[in-house]
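Okay, so here's the structure we're looking at.
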Amino acid sequence: MTEILHMENINKSYYMGEEELPILHDVNLTIHSGEFVSILGPSGSGKSTMMNIIGCLDVPSSGKYLLSGNDINDLDEIELAKIRNKEIGFVFQNFQLLPRMTALQNVELPLIYRGLSFSERQQRAKAILERVGLADRMKNLPNQLSGGQQQRVAIARALVTEPTILLADEPTGALDQKTGSQVMELFEELNNDGRTIVMITHDIKIARHARRVVHILDGHLTEQTGQEVE
Ligand SMILES: Nc1ncnc2c1ncn2[C@@H]1O[C@H](COP(=O)(O)OP(=O)(O)OP(=O)(O)O)[C@@H](O)[C@H]1O
Ligand SMILES: [Mg+2]
């Protein structure tokens, strides 16, 4: 399988004035196309810091990060944004849908930025909304949808551009247990369709839906269980 994410001795520090705060320590991680990986760790362990680096929202202080073969160190802000838009579909805890737009318009939006025609946008957005089980809710505004449905819209929006990685940060954090499990079942189905998923969570029950669990503790990737896709 193709290697799509490769991190080698990644370190990340934040600076408070002169003071260096080391957060990630020599992180090594390789993810292949078609994997479903969760990064599991307690509050403050460095999960969001990892997510920001994986998603090219921030850069490491040192170490090597290759995303789909692109060396992130070589890129400037604009190139980083391009890679991010092409490679990563983000899903957040709080959905982050635009409140005055329907489900369909929210999902279409990333395609407008790509300059696709109206009919092509409609076709692709509708198809992906159907895939996540929202065929009959496309005209609803976010506040006319349940939390689980809103997260499905957000997942559809993340996938409509066909990103290399679906990157989710606590995607069930705002959902009750039952709805959260349904969203995890959707992730499993999407992974069975061949989507590569990286999910950040503090919840071991949620993490176990992934095929591979990577633990993070105090900025160290400590343990890997399950099997990598060969
Ligand atoms: N911009 C920043 N400047 C300084 N320190 C930061 C910054 N962002 C995060 N930190 C520190 O880095 C550590 C890891 O933070 P991070 O947000 O990655 O944790 P997390 O695992 O996502 O936690 P949570 O589960 O609470 O979201 C924490 O000690 C935090 O205080
Ligand atoms: Mg966090």
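A salt bridge is defined here as a Lys NZ or Arg NE, NH1 or NH2 lying under 4.0 Å from an Asp or Glu carboxylate O, and R195 with E162 meets this definition. Classification of K47 and D169 as a salt-bridged pair fails, no side-chain N sitting under 4.0 Å from a carboxylate O.
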**OP:** List the steps and the verdict of side chain to side chain donor-acceptor pair (under 3.5 Å) for T49 and Y14.
**Re:** CA-CA 10 Å; T49 306; Y14 294 115; 3.1 Å; yes
**OP:** Could you check S68 against E87 for side chain to side chain donor-acceptor pair (under 3.5 Å), going step by step and ending with a plain yes or no?
**Re:** CA-CA 8 Å; S68 293; E87 305 287 338; 2.7 Å; yes
**OP:** Go through the steps to decide whether E20 and S13 satisfy the test side chain to side chain donor-acceptor pair (under 3.5 Å), and finish with yes or no.
**Re:** CA-CA 6 Å; E20 181 182 357; S13 295; 2.7 Å; yes
**OP:** Could you walk me through whether V153 and L145 pass side chain to side chain contact (heavy atoms under 4.5 Å, CB included), step by step?
**Re:** CA-CA 9 Å; V153 175; L145 295 168; 3.8 Å; yes
Subject >> Worked verdict on I216 versus L40 for side chain to side chain contact (heavy atoms under 4.5 Å, CB included) >> reply: CA-CA 6 Å; I216 185 168; L40 172 67; over 6 Å; no
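Shown are D26, V27, L24, I23; of these, the side chain to side chain contact (heavy atoms under 4.5 Å, CB included) with N11 is made only by D26. If you run side chain to side chain contact (heavy atoms under 4.5 Å, CB included) between L75 and each of L67, I83, V59, only I83 comes through.
The heavy-atom pair separating H209 from F36 by the smallest distance is O-CE2, 3.4 Å. Of all the heavy atoms in K12 and S61, the pair that sits closest is CA-OG, 3.4 Å. In terms of heavy atoms, Y65 sits closest to I54 at OH-O, 2.7 Å. Listed here is the closest heavy atom pair of M101 and L109: CE-CD1, 4.1 Å.
Heavy atoms of other residues, nucleotides or ligands lying less than 6.0 angstrom from CG of L21 number more than 12. The 12-atom threshold is not exceeded at CD of Q177, counting heavy atoms of other residues, nucleotides or ligands nearer than 6.0 Å.
T196 and E35 share no side-chain donor-acceptor pair at under 3.5 Å.
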